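What you are looking at is a predicted structure, and each value in this text was computed from that prediction instead of being measured. Order of listing sets the numbers, starting from 1, for every ligand and every atom in it.
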Amino acid sequence: MLRKILKQHTGPLTRDLVQEPGLFGLGKVPSRLKPASTTTSVCGYCATGCQLKIHLDAFGNAINLSPQSGYPVNLGMACPKGWQALDPLDAADRATTPLLRDATGTFQPVSWDTALDTFVTRLKSIKESHGHESVAFLSTGQIPFEEMAFLGCLFKFGMGFLHCDANTRQCMATAVTAYKQSFGFDAPPSTYADFEESDVIVLVGSNLCIAHPILWQRIMRNKRSPEIIVIDPRATETAQAATRHLAIRPKGDLPLLYALANCIIRDRRTDGESIANTTGFAEFSEFVKPHTPESVADAAGLTPEVIEELAAIVSQSGKRVSWWWTMGVNQSHEGVRTAQAIINLCLITGNIGKPGTGPSSITGQCNAMGSRLFSNTTSLVGGHDFADPSHREKVADALGISPDLIPAEPSFAYDEIFDAVEAGKIKALWIVATNPFHSWINRSRLDTLREKLDFLVVQDMYHSTESARAADLILPAAGWGEKDGCLINSERRIGTIKSVRKAPGQALSDFRIIRLIADRWGCGEMFSAWTHPEAVFKILRDLTAGRPCDITGIENYDQLDREGGIQWPCPASMKTIEPERRLFENGKFFTPDGMAHIHFSAPSPLPEPTDPEYPFILLTGRGTSSQWHTLSRTGKSKLLAQLAPATPYFEIHRDDAMALGIESNASVSIRSRRGEIHATAFIAPTVQRGHVFLPMHYPEVNLLTHPSFDPHSRQPNYKACAVALSVPST
Ligand SMILES: Nc1nc2c(c(=O)[nH]1)N[C@H]1C(S)=C(S)[C@@H](COP(=O)(O)OP(=O)(O)OC[C@H]3O[C@@H](n4cnc5c(=O)[nH]c(N)nc54)[C@H](O)[C@@H]3O)O[C@H]1N2
Ligand SMILES: Nc1nc2c(c(=O)[nH]1)N[C@H]1C(S)=C(S)[C@@H](COP(=O)(O)OP(=O)(O)OC[C@H]3O[C@@H](n4cnc5c(=O)[nH]c(N)nc54)[C@H](O)[C@@H]3O)O[C@H]1N2
Ligand code: SF4
Ligand SMILES: [Mo]
């Protein structure tokens, strides 16, 4: 039956299908038999986007890998996760067949035929009874954008649902919103060469040595003896390696950044030419006046002298200053305004559109940037806007569908989807390549919400994740290394990934699963041209025509490989494709008036401040360069497992530990208003008094976090909540 469907709707064997021999039980196709060789693939973990050289056996199967030396991103380097990227493919808990929960609550292996039938029958009946807002999907920044686009377009245009979001909301929704409001498009301006060309590098809430180690290596290649300033409450590995560490009070960033603007404007250290390309400068100058170094010192946890000094360093005439931020900014109740306060500093000091400058968010997941342009969740596919009728017309025309199929109204954001589940409005969830039962803020709420869902589908490489274990139906997915497609890294560089391994058992690429669902749903015709990833790449490429992310000048995957990846934009009119390009060199932005808009608003208090009952601030984040998020992949590598503790630990200041009678390696109870966990004490010189730090990789962590959100981006405020510590009596 399955073969019949595929024959009918997918046309001749495609590159992608050929590389999924598990589907046909064929083994590799003879034409691929060739002597042992190599190919390349961009790494499937972080948004640095290193290229790996994959060593193949005579059958085209990956046997080993090494970092690619000529690639403009990693220049021959890789971090431990990249080196071990093949390990997780062989894990024993790979999902190898669809699993359906039976009447007793036990998972039973079922055929794809049954899985697809169940999927379609259940969702259609829920839609019929409860309407097109009753089903939502939650997806990811970690699959190729051809797959993301297929999922988003099928779900909205083919299946006719509305609500969907991705783990990118947990990650960079704040940066997206900040850029859109300030520049008129979600456009991180820098290129990685800027790390090497700056005189001053400011890292705000960004622990590069752990989270983007190869980008730190890029900084180390800077020959201008740069001042490297880290603004982080913790003395992270990056802070320790920097030239200057500002141990800010958690969420003290916004007052600090406004005070810096105040000093710079007060001392006339601004750049008039750059300010001429902005709107709102006069109002901003008035607004920052009360934010003096003295008045913000307490909120920032820094002395007025340090603030004055920083203001002088980041506004030196003739010096190139680049600002880079990550989750210490994005995951905040006021992340958007904080990101924009950084953008504003670059605008008023002229640090934009030139070598070694720029306000840049460093993205997290390998394809978070791809999801921003193509996932069809928050933005209409191809860098368009759902609310704009001309964009809907254009996309409908290009896809050959009726514009009426494209919704004008926005989807619920991630947290609103859960609220709608709670309210009984959303009855079914389809989770693809993310693990919110571990990673969502205050995640114990999901256990309660699970009871409210009539149907939960989880599409994952593994059947053992916290989310898969909660599902009614598990769809087994191929992972990185087992499929083709494109990823976009933090500097807007598009690169390819390749199928170099056969997915185990009956696992299929997400592309193929979505294709099968489209056909079974009865809307396969609408996607008749979406036969394989490269065909979809070309459809998406053509859709970008005339948008800031125009990539109509990219011919095909081979060209992407030949050129060492290509940054957007790359319109068809581009004669020469330079390997490193930054945005806004001409001082023109993507807003209707061509100006950058200066946004600001008054800082607001911490959503959950400490008090006598919960006297510590809990900070969370990445703990090690060797582990990835919820450990579903890196946790399977024996080698990586040796590089980080297997059970939860937390960092605490020596004085706090002494005051509470906590000894090194003691098991300590950490309580918030939402839950209690136990973790091993690590008395560390990294955290300030009154703070504790827990790595996010352990499932316990999000039992504690406080569900507050940035009002503009709806990004969760993962980084600061109030907790209490106690040593359990034995
Ligand atoms: N090894 C590894 N690398 C990864 C990942 C991984 O799981 N493992 N995940 C990837 C992903 S998806 C992401 S998003 C990135 C995240 O990369 P980063 O954002 O660099 O990592 P985090 O540790 O989450 O947060 C960075 C820092 O923010 C600080 N911080 C907390 N509160 C504040 C504050 O109020 N102000 C300031 N200024 N700083 C604050 C924390 O102390 C922390 O050191 O990493 C990517 N790379
Ligand atoms: N407390 C706290 N919580 C946090 C954070 C924090 O700093 N602190 N950071 C947040 C951030 S920035 C992020 S990005 C999120 C990450 O949170 P998640 O997205 O939940 O974490 P991952 O472990 O990356 O989950 C990806 C899932 O996709 C599966 N997978 C991998 N490849 C494929 C594929 O090709 N196809 C399919 N179908 N499945 C695949 C993996 O097995 C895994 O189960 O966590 C957030 N949670
Ligand atoms: S730095 Fe990121 S992209 Fe590079 S090898 Fe490590 S995980 Fe992969
Ligand atoms: Mo992230």
Side-chain angles (χ1 to χ4, degrees), residues 42-52 67 73-74 77-85 88 91 93-95 138-144 147 151 166-172 208 211-217 326-328 330-331 363-368 431-443 458-468 475-483 485 487 489-490 497 503 507-511 513 618-622 625-636 694-698 701-705 715-716 718-719 721:
V42 171
C43 174
Y45 287 110
C46 91
T48 301
C50 301
Q51 194 185 60
L52 305 171
V73 169
N74 48 316
M77 299 175 280
C79 83
K81 296 183 297 303
W83 276 102
Q84 301 304 311
D93 58 347
R94 285 295 300 269
L138 295 172
S139 75
T140 189
Q142 295 178 58
I143 57 177
E147 298 185 337
L151 173 62
N167 61 7
T168 43
R169 182 76 62 177
Q170 296 162 286
C171 186
M172 26 48 40
L208 281 196
H212 301 93
I214 301 307
L215 295 183
W216 178 258
Q217 293 304 322
T326 319
M327 291 308 124
N330 284 356
Q331 294 173 343
T363 304
Q365 306 170 75
C366 57
N367 206 13
I431 294 178
V432 181
T434 184
N435 186 14
F437 282 74
H438 174 141
S439 62
W440 186 246
I441 200 157
N442 183 29
R443 72 169 174 87
V458 173
Q459 186 168 315
D460 203 287
M461 292 170 66
Y462 304 96
H463 59 69
S464 57
T465 69
E466 288 79 3
S467 304
L475 300 178
W480 176 91
E482 297 164 343
K483 56 185 176 182
L487 311 177
N489 78 354
S490 276
I497 65 166
L508 297 177
S509 70
D510 295 289
F511 189 93
I513 297 173
L618 170 66
L619 302 169
T620 69
R622 276 77 199 151
S625 65
S626 67
Q627 291 300 348
W628 181 256
H629 294 162
T630 72
L631 306 185
S632 75
R633 287 191 280 165
T634 47
K636 309 294 156 47
L694 266 168
M696 63 158 299
H697 311 297
Y698 306 102
V701 174
N702 281 313
L703 295 173
L704 301 174
T705 44
Q715 178 154 348
Y718 281 112
K719 292 271 189 267
C721 70

Option with minimal heavy-atom separation from atom 9 (N) of ligand 2, where the choices are Q331, R94, K483, Q142:
Q331

Minimum-distance protein heavy atom relative to atom 43 (C) of ligand 2:
S632 OG, 3.1 Å

Heavy atoms, side chains only, cut-off 4.5 Å: are P88 and Y462 in contact?
yes

Counting backbone and side-chain atoms alike, does C50 have an N/O/S atom under 2.8 Å from atom 4 (Fe) of ligand 3?
yes

W628: heavy atom below 4.0 Å from ligand 2, yes or no?
yes

Distance to 0.1 Å, residue and atom name: give those for the protein heavy atom nearest to atom 44 (O) of ligand 2.
D460 OD2, 2.6 Å

Would you mind telling me if ligand 2 is within reach of the side chain of I143, the backbone, both or neither, using heavy atoms under 4.0 Å?
side chain

Would you say S467 touches ligand 2, if touching means a heavy atom closer than 4.0 Å?
no

Criterion side chain to side chain contact (heavy atoms under 4.5 Å, CB included) against Y718, the qualifying member of I441, L619, N330:
I441

Under 4.0 Å from any heavy atom of C171, which atoms of ligand 2 are there?
12 (S), 14 (S)

Within-4.5 Å side-chain heavy-atom neighbours: Q142 and Y45:
no

Using side-chain contact (heavy atoms from CB on, under 4.5 Å), reason through T634 and S626 one step at a time and then give a plain yes or no.
CA-CA 7 Å; T634 47; S626 67; over 6 Å; no

Per-atom filter on ligand 2: closer than 4.0 angstrom to a heavy atom of T465 are 44 (O)

Would you mind reporting whether H629 and Q365 have side-chain heavy atoms less than 4.5 Å apart?
yes

Is the shortest heavy-atom distance from the side chain of W628 to the side chain of R622 under 4.5 Å?
no

Residue T630 vicinity, atoms of ligand 2 by number, heavy atom under 4.0 Å:
20 (O), 21 (O), 22 (P), 23 (O)

Do Q51 and N74 have side-chain atoms, one donor and one acceptor, less than 3.5 Å apart?
no

So which protein heavy atom does atom 47 (N) of ligand 2 come closest to, and at what separation?
S439 O, 3.0 Å

protein heavy-atom neighbour closest to atom 2 (C) of ligand 2 works out as Y718 CD2, 3.3 Å

Proximal atoms of ligand 2 relative to K719 (non-hydrogen, under 4.0 Å)
7 (O)

Do you know which of L703, L704, N435 makes side chain to side chain contact (heavy atoms under 4.5 Å, CB included) with R443?
L703

Partner of T465 by side chain to side chain contact (heavy atoms under 4.5 Å, CB included), out of D93, D460, T630:
D460

Is it true that E147 and K483 make a salt bridge, defined as a side-chain N closer than 4.0 Å to a carboxylate O?
yes

4.5 Å side-chain heavy-atom contact, I497 and L487:
yes

If I apply the N/O under 3.5 Å rule, does W480 come out as touching ligand 2?
no

For G49, take its heavy atoms, then give the atoms of ligand 3 lying under 4.0 Å from any of them.
3 (S)

Closest by any non-hydrogen atom to atom 12 (S) of ligand 2: pick that one out of H629, M696, R622.
R622

Option nearest atom 38 (N) of ligand 2 (shortest heavy-atom distance, choices D510, L694, T705):
D510

Residue N702 vicinity, atoms of ligand 2 by number, heavy atom under 4.0 Å:
1 (N), 2 (C), 3 (N)

contact_flag I214 ligand 3 heavy-atom lt 4.0 Å
yes

Could you tell me which atoms of ligand 2, counted from 1 in the order shown, lie closer than 4.0 angstrom to a heavy atom of V701?
1 (N)

Could you tell me if any non-hydrogen atom of M172 lies under 4.0 Å from any atom of ligand 2?
no

Does an N or O from Q365, backbone or side chain, lie closer than 3.5 Å to an N or O of ligand 2?
no

Checking side chain to side chain contact (heavy atoms under 4.5 Å, CB included) against Q459, which of I431, L475, T140, T434 comes through?
L475

Do any of the N/O/S atoms of C43, backbone or side chain, fall under 2.8 Å from atom 8 (Fe) of ligand 3?
yes

So, 4.0 Å and heavy atoms of G364: is ligand 2 close enough to count as a contact?
no

What is the nearest protein non-hydrogen atom to atom 2 (Fe) of ligand 3, stated with its residue, atom name and distance?
C46 SG, 2.3 Å

Could you list which atoms of ligand 2 come closer than 4.0 Å to a heavy atom of G479?
35 (O)

Give me the nearest non-hydrogen protein atom to atom 6 (Fe) of ligand 3 as residue plus atom name, then the distance to 0.1 Å.
C79 SG, 2.3 Å

CG on L215 to CG on L208, rounded to 0.5 Å
6.0 Å

Measure the shortest side-chain to side-chain distance between V42 and L52 over non-hydrogen atoms and say whether it is less than 4.5 angstrom.
no

Side-chain heavy-atom pair C46, C366 within 4.5 angstrom cut-off:
no

For K81, the ligand 3 atoms whose distance to one of its heavy atoms is below 4.0 Å:
7 (S)

Report the part of I441 (side chain from C-beta onward, or backbone N, CA, C, O) that has a heavy atom under 4.0 Å from ligand 2; answer both or neither where that applies.
neither

Protein heavy-atom partner closest to atom 31 (C) of ligand 2 - residue, atom, separation in Å
M461 SD, 3.5 Å

Would you say that S139 contacts L151 through its side chain, given a criterion of any heavy-atom pair below 4.5 Å between the two side chains?
yes

Give the atom numbers and elements of ligand 2 that come within less than 4.0 Å of a heavy atom of A477.
36 (N), 37 (C), 38 (N)

Among N167, L618, N442, T620, the residue with a heavy atom nearest to atom 19 (O) of ligand 2 is N167

To check your reading of the model: name the closest protein heavy atom to atom 26 (C) of ligand 2, its residue, and the distance in Å.
A433 O, 3.5 Å

